[in-house]
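Below is one structure, written out as structure tokens; comments come after it.
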Amino acid sequence: MSLNNKKNLSGWLDMSQSLSGVILAVFLWTHLVLVSSILLGEDAMTFVAKTMELSFLSEDGHGYPWVVSLIAIGVGLLASIHVLVAMHKLPLSLQQQRALRQQMSVINHGDTKLWVWQAITGVGILLLLPVHLWLIGSAPETIGPAGSADRIWNQGVWMVYLPLLLCVELHAAIGIYRVAIKWGSERALNSRDRIKKIKTIVSVVFVVIGIASLCAFLPYA
């Protein structure tokens, strides 16, 4: 492969990684906001769940739970693409990992540390997300105050959801920050510290919302 072709491939992979990452981050935050409807009560959560199942299009008002399964499949496919295009930047060999550790011991670079945390949380997501998607996609009709509460607390799935929440929120916030710096304007580059603060605030806010939502399901368990 020629040098120009390698550059074109690398550029295409970078763009694909950034685009898929942004889409997944926006979906994640939207999903978390929808789930947090449980904080407003049982009726609010039920309304959101039924709306996601397109109940307003069905004659009996029960909706189509399989729509949620399709969404889970779509997210899984997009996440797979994101992982595949991201792997070309990961230090997969021992030699690369040794070089990275040596570099970090010599150079105290904040963005490099963020990239390492993004890689670590990415591995966590790779292990935990398929479990979440399977649980939701295989039984979409159980989504709601009672069904979700039973799954989260009675079946102990909170042990998957809590670390997954921490991983995805940190991973998404770092990813959006890196996209803003990489593809942003010169003004964005000059506002690096401000963007980092926004990233931290976003992470804290959504983690708090996520934990509060998990706890809000307890009375329905």
Side-chain angles (χ1 to χ4, degrees), residues 12-38 45-57 63-90 117-145 147-152 155 157-180 199 202-203 205-207 209-211 213-214 217:
W12 183 86
L13 290 174
D14 283 347
M15 180 63 73
S16 300
Q17 179 183 353
S18 297
L19 181 59
S20 59
V22 169
I23 294 174
L24 287 169
V26 171
F27 174 83
L28 162 68
W29 291 329
T30 303
H31 169 65
L32 190 55
V33 169
L34 294 176
V35 172
S36 68
S37 61
I38 190 63
M45 174 68 177
T46 301
F47 172 78
V48 169
K50 290 301 180 183
T51 301
M52 291 298 296
E53 295 172 1
L54 305 181
S55 61
F56 53 89
L57 295 180
Y64 309 98
W66 52 265
V67 172
V68 176
S69 298
L70 290 181
I71 294 175
I73 293 172
V75 171
L77 290 175
L78 185 58
S80 299
I81 294 173
H82 184 69
V83 169
L84 289 175
V85 296
M87 285 183 66
H88 78 288
K89 287 187 174 181
L90 294 178
W117 274 110
Q118 190 180 21
I120 293 173
T121 54
V123 173
I125 295 170
L126 185 62
L127 297 175
L128 298 172
L129 182 61
V131 178
H132 173 54
L133 294 178
W134 170 256
L135 290 173
I136 297 300
S138 62
E141 68 282 354
T142 64
I143 298 176
S148 296
D150 179 67
R151 179 169 53 252
I152 294 170
Q155 299 179 31
V157 181
W158 67 268
M159 290 184 286
V160 173
Y161 284 0
L162 183 57
L164 178 60
L165 169 67
L166 298 176
C167 284
V168 294
E169 292 304 333
L170 183 58
H171 189 87
I174 295 175
I176 294 297
Y177 162 77
R178 286 171 53 81
V179 168
K199 171 195 67 65
V202 169
S203 292
V205 168
F206 278 106
V207 166
I209 291 175
I211 293 177
S213 299
L214 287 176
F217 281 107

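Heads up: numbering here begins at 1 and tracks the sequence.
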Validation row: [X], [Y] side chains within 4.5 angstrom (heavy atoms):
X      : Y      : value
Glu141 : Val68  : no
Leu135 : Tyr161 : yes
Pro163 : Leu128 : yes
Lys199 : Ile176 : no
Phe217 : Met45  : yes
Ile125 : His171 : yes
Ile211 : Leu162 : yes
Ser16  : Ile81  : no

Measure the spacing between [atom1] of [X] and [atom2] of [Y] and express it to the nearest 0.5 Å.
X      : Y      : atom1 : atom2 : answer
Leu165 : Leu32  : CG    : CG    : 6.5 Å
Ile23  : Leu28  : CD1   : CG    : 13.5 Å
Ser55  : Phe47  : OG    : CZ    : 7.5 Å
Met159 : Ile152 : CE    : CD1   : 12.5 Å
Ile174 : Thr121 : CD1   : OG1   : 5.5 Å
His31  : Ser36  : NE2   : OG    : 10.0 Å

(message) Please check this pair: side chain of Ser148 against backbone of Pro145, looking for a donor-acceptor N/O pair closer than 3.5 Å.
(response) no
(request) Taking His82 for its side chain and Ser20 for its backbone only, find out whether a donor-acceptor pair lies under 3.5 Å. (result) no
(message) So, applying side chain to side chain contact (heavy atoms under 4.5 Å, CB included) with Phe27, which one of Leu78, Val75, Val22 is it?
(response) Val75
(message) Restricting to non-hydrogen atoms, name the atom on Arg151 and the atom on Thr142 that form the minimum distance, rounded to 0.1 Å.
(response) NH1-OG1, 2.8 Å
(request) Taking all non-hydrogen atoms of both residues into account, name the closest pair between Gly137 and Ser69 and its distance. (result) O-OG, 2.6 Å
(request) Evaluate side chain to side chain donor-acceptor pair (under 3.5 Å) for Trp29 paired with Glu169, printing each intermediate quantity in order. (result) CA-CA 8 Å; Trp29 291 329; Glu169 292 304 333; 3.0 Å; yes
